[in-house]
Amino acid sequence: MEKSNMHIILSAAISIDGKISTRSNDSKLSSQEDSTRLHKLRSKVDAILIGKNTMLKDDPLLTVRYTKGKNPTRIILDSKGTISKNSKIIKSSDKIPTIIAVSKKISKANLSKLKKLPVEIIISGENSVNLKLLMKKLSTKKIKTILVEGGGTVNWEFIKNNIFDELIITLSPYLIGGNDATSLVEGKGFAKIVNSPNLKLKSVKRLKNHLVINYIKV
Ligand SMILES: NC(=O)C1=CN([C@@H]2O[C@H](COP(=O)(O)OP(=O)(O)OC[C@H]3O[C@@H](n4cnc5c(N)ncnc54)[C@H](O)[C@@H]3O)[C@@H](O)[C@H]2O)C=CC1
Ligand SMILES: Nc1nc(O)c(N)c(N[C@@H]2O[C@H](COP(=O)(O)O)[C@@H](O)[C@H]2O)n1
């Protein structure tokens, strides 16, 4: 794999029809049991990474709450540095390490706003964040394992650039539908099945009506 010495896990809860949220951005698919599993996994990684839309739509905390353990560093991909200082992540960033990954496209005004917040700013890439470069920069900060928690656009970028090692999806017992509902993988997608990464089934665990499916890339 042409990337730094990093272990990257893509993680999401999906409906049976492959959606990660409804057309009105309802994304609560996991059961409490599955959320506890996720939080155990969070406590074992160095960082959690999400895209700007997920931060905007979910206003997540990305902390370890349903088990004991350390909070990983939070990384937000936000090319133009437009995130709100009223978000839960920013409000808690004086206590939990938080990195905002931006591109050179960021305006001077947005950069100076970000610099006033208790976050670390990493600039990589011209228009959007260059993920391979970002991974290299993160590995120099002792970040060796990253849990990518979406959304669909971010998942596509990691898959397209072939920079992931594992995929852990919870198949939740819902059917969502809708062209405007976000899928596990958004973006342009591959034209041919042969272009898809080759995945090997590592394990399947049943949590009542949910299945936790773990694939590794071969
Ligand atoms: N069920 C689940 O497990 C999850 C569901 N979601 C849902 O996914 C939806 C959001 O997904 P999307 O709209 O696809 O957006 P996203 O969360 O993937 O964010 C994409 C945005 O991130 C920024 N970005 C900067 N550099 C980037 C790069 N190199 N690659 C990709 N993005 C980059 C851009 O502003 C881009 O528009 C929400 O409705 C959220 O609730 C999100 C995470 C998990
Ligand atoms: N694994 C999983 N299951 C779900 O049902 C989800 N909605 C998500 N979403 C991801 O978790 C974030 C919320 O984290 P907090 O509970 O606020 O700590 C959300 O933003 C997605 O990244 N994941």
Side-chain angles (χ1 to χ4, degrees), residues 9-15 17-43 47-67 71-72 74-83 87-89 91-92 96 99-106 110 122-135 146-161 163-164 167-174 176 178 180-189 207 210-214:
I9 306 167
L10 305 186
S11 162
I14 67 169
S15 62
D17 54 329
K19 305 290 188 187
I20 57 171
S21 66
T22 68
R23 63 185 156 83
S24 61
N25 293 301
D26 185 357
S27 63
K28 181 85 189 74
L29 288 152
S30 289
S31 59
Q32 184 54 51
E33 204 177 357
D34 188 52
S35 297
T36 302
R37 173 203 59 81
L38 175 67
H39 283 222
K40 281 181 187 159
L41 180 57
R42 282 180 176 181
S43 74
I48 301 177
L49 180 149
I50 60 164
K52 187 194 77 182
N53 292 354
T54 295
M55 176 148 169
L56 195 70
K57 304 275 167 61
D58 294 354
D59 193 16
L61 253 179
L62 307 181
T63 54
V64 174
R65 305 188 296 280
Y66 305 135
T67 186
N71 287 319
R74 299 160 315 173
I75 303 165
I76 319 300
L77 302 183
D78 182 15
S79 306
K80 295 180 187 167
T82 56
I83 52 169
S87 62
K88 288 181 192 161
I89 287 182
K91 281 185 183 164
S92 57
I96 304 161
I99 294 172
I100 311 297
V102 302
S103 72
K104 290 180 186 165
K105 198 88 179 169
I106 188 169
N110 284 350
I122 297 182
I123 303 176
S124 62
E126 298 297 325
N127 294 315
S128 63
V129 176
N130 180 323
L131 294 178
K132 285 183 182 169
L133 186 56
L134 176 66
M135 295 306 126
I146 299 188
L147 188 63
V148 177
E149 291 203 38
T153 308
V154 165
N155 289 342
W156 166 244
E157 290 295 320
F158 275 86
I159 293 165
K160 182 184 76 176
N161 286 295
I163 38 175
F164 74 102
L167 172 70
I168 303 177
I169 48 170
T170 299
L171 187 66
S172 295
Y174 304 108
I176 292 177
D180 295 331
T182 312
S183 296
L184 173 65
V185 186
E186 289 284 324
K188 193 174 179 195
L207 298 177
H210 301 250
L211 288 180
V212 183
I213 309 172
N214 189 352

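Counting convention: from 1, in listed order, for ligands and their atoms alike. FYI, the numbering just counts along the sequence from 1.
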Exercise. With hydrogens left out, which residues have an atom under 4.0 Å from ligand 1, given that only heavy atoms count?
Worked result: A12, A13, I20, S21, N25, S27, L29, G51, K52, N53, T54, D58, L77, S79, S128, V129, L131, E149, G150, G151, G152, T153, V154, E157, T182
For this session: With T170 as reference, evaluate L211, L207, V212, L29 under the side chain to side chain contact (heavy atoms under 4.5 Å, CB included) test and give the passing residue.
Result: V212
Problem set entry | Test log, rule side-chain contact (heavy atoms from CB on, under 4.5 Å), inputs L62 and R42 | CA-CA 8 Å; L62 307 181; R42 282 180 176 181; 3.7 Å; yes
For this session: Check each protein residue for a heavy atom under 4.0 Å from ligand 2 and list those that pass, ordered by chain and number.
Result: A13, S27, K28, L29, S30, L38, R42, I50, T54, D58, P60, L61, L62, T63, R65, E149
Seminar exercise, completed: S31 meets the side-chain contact (heavy atoms from CB on, under 4.5 Å) criterion, sequence neighbours left out, with E33, D34, H210
Exercise. Are any of the side-chain heavy atoms of S30 and L38 separated by less than 4.5 Å?
Worked result: no
Show me the donor-acceptor pairs within less than 3.5 Å that the side chains of residues 180-189 make with the rest of the protein, sequence neighbours left out.
residue	atom	partner	partner atom	Å
T182	OG1	S21	OG	3.4
E186	OE2	S183	N	2.6

Exercise. Taking side chain as C-beta onward, heavy atoms only, is L61 less than 4.5 Å from R74?
Worked result: yes
Seminar exercise, completed: Residues E149 and T54: closest non-hydrogen pair is O-CG2, 4.3 Å
Exercise. What do you reckon, is NZ of K40 surrounded by more than 12 foreign heavy atoms closer than 6.0 Å?
Worked result: no
Exercise. Of all heavy-atom pairs between N127 and S103, which one has the smallest distance, and what is that distance?
Worked result: O-OG, 2.8 Å
